[in-house]
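Proteins come first, then strands; the chains are lettered A, B, ... in the order of their sequence lines, and each starts at number 1.
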2 protein chains.
Amino acid sequence: MPEKTEKPAPETGEATAAEAATTGEAATTGEDRPRRRQARGERRIAQLLEAAARVFATTGYTAASTNAIAREAGVSPGTLYQFFPNKEAIAIELGSRLMHEMRQSYDEVLTPITSDTTPLEEVIAGTVDRFIEFNCRHPAFFVLMHGPDIPGRIAEEHDALHATLVARVETILAPFAPDAPQAAVTRTAQMCVGIYKAGLELILAHEGDEREAYVQELKGALVRYLEPLMGTS
Amino acid sequence: MPEKTEKPAPETGEATAAEAATTGEAATTGEDRPRRRQARGERRIAQLLEAAARVFATTGYTAASTNAIAREAGVSPGTLYQFFPNKEAIAIELGSRLMHEMRQSYDEVLTPITSDTTPLEEVIAGTVDRFIEFNCRHPAFFVLMHGPDIPGRIAEEHDALHATLVARVETILAPFAPDAPQAAVTRTAQMCVGIYKAGLELILAHEGDEREAYVQELKGALVRYLEPLMGTS
DNA sequence: CAGAAATGCGAGCGATCTCTCGTGTTTGTC
DNA sequence: GACAAACACGAGAGATCGCTCGCATTTCTG
């Protein structure tokens, strides 16, 4: 009875492909390995990713051993490597899923705002609240995205996310500063993301009322930083 | 002829103790090991620390192997361990020396300002310029202080530095907000340091004119963040 | 039910890294 | 010159980690 502790794992059960990452081939026949029997496997993948998120969040990427992830998930190392070709693929898949989830609650807030002429203060407050809430619920996301010990592939994913983030902020900022050169807008957006990251670090390091106070402090910092753009729209 | 490539190493040649870090004992007879012959040894220590700074700056702490540091310094692994009990001690000593050097050029600017009633804008500009210049000259400092893959001891050193930094900023800010609660001043100081770190990261990632533009952007961000304190002094 | 494929285990291989040890060399002291 | 201590070397011991392999078990298909 190898199935030792079959947790319920009440996950959503999305059909995200977790394999076929290393070789990168198999483009001739679409999918040369149809991969049947995904019920149990999909459950194990979710289980392993949850365990990986916990281990990554507490020890960082490099210090997290694959054996520790397997142990945290309650499976053997061999089982882990049945679903992921290597350690990097675990982080990639986890980061990918988190990014996907974030992009959802992200577009949810940003889309109705960009076209409208909402006051900048509300845009800032809403965006910050959403992002803070997401990062508090998924501490592994911060580690994977802002951790400096990550190998090449994840760094690329992070750069991609960062680029889209800056681009989004740029489009939000652009109408407020129509006569500013493009480079200046980029710098401002980059600073905004940087200030947000700095505030997020402080927020994650505190609890309760103190955390809330830092949220307000971050909002104030962003509002005042963008103050010169306020009166021109 | 074991002395392969005896570099000139035109260092200052300060008398900083680099050993006696792990055990922590030997407090009975002051120094139980007088350690003669410091001419060549002191040179090797400086040589090894320079090499470590280069390796740390390029690969980070955990990814930096002691063999790589020894190779970069042009000595054998055994020689490295003649002067440092372990890898952590190298980072500690390097961080300690950098912190000492920074504290010099730091007090140099801050001391004559705190007692005076210099406008806040100048305080910010002067401090930022000094810190930026220091961090550009010693990229390893940023890696050691803000790297998340560092073991316990260096993290303590970093926390100590961070605490003194925040305390200093608090004392600078306090006269500008005499009727604010202590906790609020602390939060503001913490945010200042965070914003500075975020700006520093952007500045280090750019060159030439773009770098200068980000320096201005950082100064502006700090000035506007502290704007509410301007008129009360 | 029979065969195949997916899933599961865990010992252990190979690579890497930190740190040691035995030995040889340089330098200071008398 | 003689002795000792500091300095230097480099092979490798010891430990860890990513990952594999052979084999057992479960589940799907027909």
For this session: Could you please spell out the steps behind the side chain to side chain contact (heavy atoms under 4.5 Å, CB included) verdict for B:M102 and B:L98?
Result: CA-CA 6 Å; B:M102 198 202 66; B:L98 289 176; over 6 Å; no
Exercise. Where do A:Y196 and A:E201 land on the side chain to side chain donor-acceptor pair (under 3.5 Å) test, with the steps shown first?
Worked result: CA-CA 9 Å; A:Y196 163 74; A:E201 211 160 347; over 6 Å; no
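Screening residues 78-91 of chain B for salt bridge (Lys or Arg N to Asp or Glu O under 4.0 Å) gives no qualifying pairs among residues at least two apart or on separate chains. Listed by first then second residue, pairs satisfying ring pair (Phe, Tyr, Trp, His ring centres under 6.0 Å) with a partner in residues 61-80 of chain A read A:F56-A:Y61, not counting sequence neighbours. Sorted by first then second residue, the salt bridge (Lys or Arg N to Asp or Glu O under 4.0 Å) pairs that include residues 132-141 of chain B, not counting sequence neighbours, are B:E101-B:R137, B:E133-B:R137.
Straight-line distance from the CZ atom of B:R44 to the P atom of C:dT26: 12 Å, rounded to whole Å. The distance from atom CD1 of A:I69 to atom C1' of D:dC17 is 12 Å, rounded to the nearest whole Å. In this structure, the CZ atom of B:F84 is 12 Å from the P atom of D:dC7, given to the nearest Å. If you measure from atom CD of B:Q47 to atom P of D:dA8, you get 8 Å, rounded to the nearest angstrom. Residue B:E42 contributes atom CD, which lies 17 Å from atom P of C:dT27 at whole-angstrom precision. If you measure from atom CD1 of A:I90 to atom C1' of D:dC17, you get 13 Å, rounded to the nearest angstrom. B:Q82 places its CD atom 16 Å from the P atom of C:dG24, with the value rounded to the nearest Å. Note: CD (A:Q38) to P (C:dA6) measures 10 Å, nearest angstrom.
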Distances under 3.5 Å between protein N/O atoms and the N/O atoms of nucleotides 12-19 of chain C, please, pair by pair.
residue	atom	partner	partner atom	Å
C:dT18	OP1	B:A64	O	3.2
C:dT18	OP1	B:K87	NZ	3.0
C:dT18	OP2	B:T66	N	2.8
C:dT18	OP2	B:T66	OG1	3.3
C:dC19	OP2	B:Y81	OH	2.9
C:dC19	OP2	B:K87	N	2.7

Tabulate protein N/O versus nucleotide N/O from nucleotides 28-30 of chain D, keeping only pairs under 3.5 Å, one per line.
residue	atom	partner	partner atom	Å
D:dC28	O4'	A:R37	NH2	2.9

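At a threshold of 4.0 Å, the pair A:R97-A:E93 counts as salt-bridged, since one of the basic side-chain nitrogens sits closer than that to a carboxylate oxygen.
With contacts defined as side-chain heavy-atom distances shorter than 4.5 Å, the pair A:K219/A:D129 qualifies. A:F141 is listed as a side-chain neighbour of A:M99, based on a closest heavy-atom distance under 4.5 Å. Taking the side chain as every heavy atom from C-beta outward, A:E217 and B:Y225 approach each other to under 4.5 Å.
Under the 3.5 Å distance criterion, the side-chain polar atoms of A:R187 are left unmatched by any main-chain donor or acceptor of B:Y214. A donor-acceptor pair under 3.5 Å links the side-chain atoms of B:T59 to the main chain of B:V55, judged by distance alone.
Ranking D:dC9, D:dC7, C:dG10 by closeness to the A:S76 side chain, first place goes to C:dG10.
Using a 4.0 Å heavy-atom distance criterion, A:G78 is classed as a base contact.
Axis angle between the ends of the helix from C:dC1-D:dG30 to C:dC30-D:dG1, five pairs each and rounded to 10 degrees, works out to 10°.
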